[in-house]
Every structure is written in C-alpha cells, then in structure tokens.
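So that the names make sense, note that chain A is the first sequence line, chain B the second, and so on, each numbered from 1.
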There are 2 protein chains.
Amino acid sequence: MPNRRSDEQVIAEPNTVAALLRERGLRVTPQRRAIFAAFEGGRAGHPSADEVYRRARSQLPELSRGTVYNTLNEFVSAGLLTVVSIGRVQLYDANTADHHHFRCRSCNRLYDVHPIGANKISLTDDFFMVEQTTVLLDGFCGECASPSAA
Amino acid sequence: MPNRRSDEQVIAEPNTVAALLRERGLRVTPQRRAIFAAFEGGRAGHPSADEVYRRARSQLPELSRGTVYNTLNEFVSAGLLTVVSIGRVQLYDANTADHHHFRCRSCNRLYDVHPIGANKISLTDDFFMVEQTTVLLDGFCGECASPSAA
DNA sequence: CTCCGTGCAAAGATTTTGCAGGAAC
DNA sequence: GTTCCTGCAAAATCTTTGCACGGAG
C-alpha cells in the first residue's frame, strides 16, 4: 500500500483495524477487534472459523460463535480476509495479497505460496512435493456479462 | 503429463464401470452403477452429492443418501472421480483428466477449463471474465517428506 | 437517540457412522 | 459361506438465522 493518508497520527496496530472497519462503514466493537486479532502475529496461519472462535474467545470469553461467523463473513465481504475452501471446511486468510496455497497431505498444514513474476510461483523456499494442482477461476461467464468492468 | 487428449472417451459403457470397480477390488452393485451413471451423458456437469442422489434415484428409487455419500467417497479414493470444493459444497467431477475450473459468480455454474500445453489454459472457447484466481497445490511438505509408496 | 452488532439458541445444510440384513464373489 | 455393501436413521460438523438487548456512532 504505497499511498497512505498521513494527515493524522499513524498509530500502528490496534488502530489499523478500527480504521479499516470505519473506512467501510462497519462499526468498531471489541468483538471485531478480538476476531481480527486472531489473525495477528506470526502464527496466524489459516484458521477455521472455529479456530478463530477459540483464539478470540481466549481474549473475550463472552464472544459467541454466531458473531464469529457473521463477522468473518463481513470481513470477507469487506475485503479484509479471503477464504480457502479445503474439503468441507473454510479457512480464513488475512493475507489479501495475491498468493496461493500448498496443502500437505500428511500434516494437513496449509502453506502460503508466493507468486514471483507474472505467472510463476516459487516452491523453493521450502521443499514441496506437489502431487496435484487445483486451479479455480472465478468471475463472470459470457452469459452473465459482467457489470463491474465493461 | 496428461496424454489422453482425444475426446470424452473417459466416461463409458456400463461394462467399463464394472471393470473399473473390479480392477480396484470394489464390488459391482446396481447402486454403484446407478451412481456412476449419474455422470454420464453430455450434461453430466459437476453435480453435488445430493444432485447425484437425485439423478441416481430416478433410476433406482430405493437408493439411500448414505450409500451415495459412501460410494462417492470410494469412487474418489479409487480415482474414478475428483472433488471440487466450492464454499462448503463438494462437487464431483467424472473428468479425471488434467483440467481446471471456472465458476461464474452470477449463475454459479462451473465450467471446465482445459490446459493447452504445459502451464497454459484456454479461456477463449467461451467468454470468461476472470476476477479471481485460486491455486491450491497439494502433496507433501518438507517436514513430511514422503515417498508416494509406503 | 437510532441502528447496528451481539448473544443465545434453534434451525439448516451437508456429510458421516452404526447396525443388521442381503447381495456379490 | 464370507465379506462387503446397503438402507435406515441418528449423529456429527459446520454455518446461518431470528429475536431482543445493549453499545457504537
């Protein structure tokens, strides 16, 4: 994000969430802060809704599951998070930059795979033995001519 | 890697199903034939388990949902089908050849996208407006270094 | 003050599992 | 005759929804 409005204080962490939410007309609440906080720190990973629930709850015990689901959906709509569907579970990813994922069939962990250049990805940072590649594109098909970029 | 470039010869006669099943030590039953038949014909598409259930049931009314789920899972394990996770729904695909998918955000339809050459795909057959690309690799990570046979 | 967001719990949707009888081999 | 498959139904998962209260703006 190169262009940042610096007319005011640039307070770092907790404030950013609030700013992001307000920017999209969403209210700022302790619950939302706790939920967003579940993605911070190095070990954020790709938590499921339930994992987010557990993490956020350790910080805000009254938090309810429903709120977590609602909030995650709103964060996704707002572009703060993305979703990765793995089997029948949805995993949430706070890394909204362009990247892909590698899933280990053995330990089930989900790794980020970063693009290098236009259509290449780097698999050399770690040692990955790729057995299957799944590509899912989405957008608008011919019959549903898109409104957004015509 | 993929050599079967010819046609839709992948799906075939009732007899082939039996052969395929037997080949993997699976028993051949009317239920399994009906379930497999749900993928035959031009409009096979990418049915959900429930859609398979509906289709197969029209041909074998006593069929139960549980059997459909069990069977689909076995077919996937046996390599006869593959799964595409879209949100919290799993769609089954009888096309086991190397290919990808395009999902329309408007009509929700799932189209096949065929690879042309090593790392290219063709989007020109129809008119697709791609808004997002999701790539999911899977296999074994460094820590789980694992030979395919064990 | 006015709404939106939350908690709670129940409903929904999808998939899995346990068990006894029956079919496939 | 064994063994695996099936039907049925209940359970397990994961997610959404309805409603009244309380906090954010």
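A:Leu26 has its CG atom 15 Å from the C1' atom of C:dT6, to the nearest Å. Atom P of nucleotide C:dC8 and atom OH of A:Tyr69 are separated by 16 Å, given to the nearest angstrom. To the nearest angstrom, P of D:dG23 lies 19 Å from CG of A:Leu21. For the pair A:Tyr53 OH and D:dT15 C1', the computed distance is 14 Å after rounding to whole Å. When rounded to the nearest whole Å, the span between CD1 of B:Ile86 and P of D:dC14 equals 19 Å. Protein atom CG of B:Leu60 is 13 Å distant from nucleotide atom C1' of C:dA23, rounded to whole Å. As rounded to whole Å, 11 Å separates atom P of C:dA13 from atom CZ of B:Arg65. With rounding to whole Å, A:Arg24 atom CZ is found 16 Å from D:dG25 atom P.
Not one side-chain nitrogen or oxygen of B:Ser64 sits closer than 4.0 Å to the OP1 or OP2 atom of D:dC8. The side chain of A:Thr29 places an N or O atom within less than 4.0 Å of a non-bridging phosphate oxygen (OP1 or OP2) of C:dT6. Close to C:dA23, at under 4.0 Å from its OP1 or OP2, lies no side-chain N or O of B:Gln31. Note on B:Thr71: every side-chain N or O is 4.0 Å or more away from OP1 and OP2 of D:dC5. OP1 or OP2 of C:dC25 sits under 4.0 Å from a side-chain N or O of B:Arg22.
Side chains of B:His46 and B:Asn95: no donor on one and acceptor on the other come within 3.5 Å.
Remark: side-chain polar atoms of A:Arg105 are not paired, donor with acceptor, to backbone N or O of B:Asp138 under 3.5 angstrom.
Under 3.5 Å, the side chain of B:Arg27 and the base of D:dT3 form at least one donor-acceptor pair of N or O atoms.
Ion pairing between B:Arg109 and A:Glu143 holds under the 4.0 Å rule for side-chain N and carboxylate O. Salt bridge annotation for B:Glu74-B:Arg32: present, with a cationic side-chain nitrogen under 4.0 angstrom from a carboxylate oxygen.
In this structure, B:Ser48 reaches neither bases nor backbone, as no heavy-atom distance under 4.0 Å exists between it and the strands shown. Within the nucleic acid shown, B:Asn73 comes within 4.0 Å of sugar-phosphate atoms alone, with no base atom in reach, counting heavy atoms only.
Of the candidate nucleotides C:dA13, D:dT6, C:dT16, C:dA13 has the atom lying nearest to any side-chain atom of B:Arg88. Proximity note for A:Glu62 (side chain, C-beta onward) versus C:dC25, C:dG5, C:dG7: the nearest is C:dG7. Checking D:dG25, D:dT6, C:dT6 against the side-chain heavy atoms of A:Arg32 singles out C:dT6 as nearest. For A:Asn70, whose side chain is taken as the heavy atoms from C-beta onward, the closest listed nucleotide among C:dT6, C:dT17, C:dG5 is C:dT6. Listed candidates were C:dT15, D:dC8, D:dT15. Nearest to the side chain of A:Ala49 is D:dT15. You'll find that the side chain of B:Leu63 is closest to D:dG7, out of C:dT15, D:dG7, D:dC5.
For the pairing with B:Leu136, the side-chain contact (heavy atoms from CB on, under 4.5 Å) check across A:Val113, A:Val135, A:Leu110 returns one residue only, A:Leu110.
Atom CG in B:Leu26 sits 10.0 Å away from atom CG in B:Leu20 (nearest 0.5 Å).
Mapping B:Pro30 and B:Thr67 onto DNA chain C via the closest heavy atom, the residue that lands nearer the 5' end is B:Thr67.
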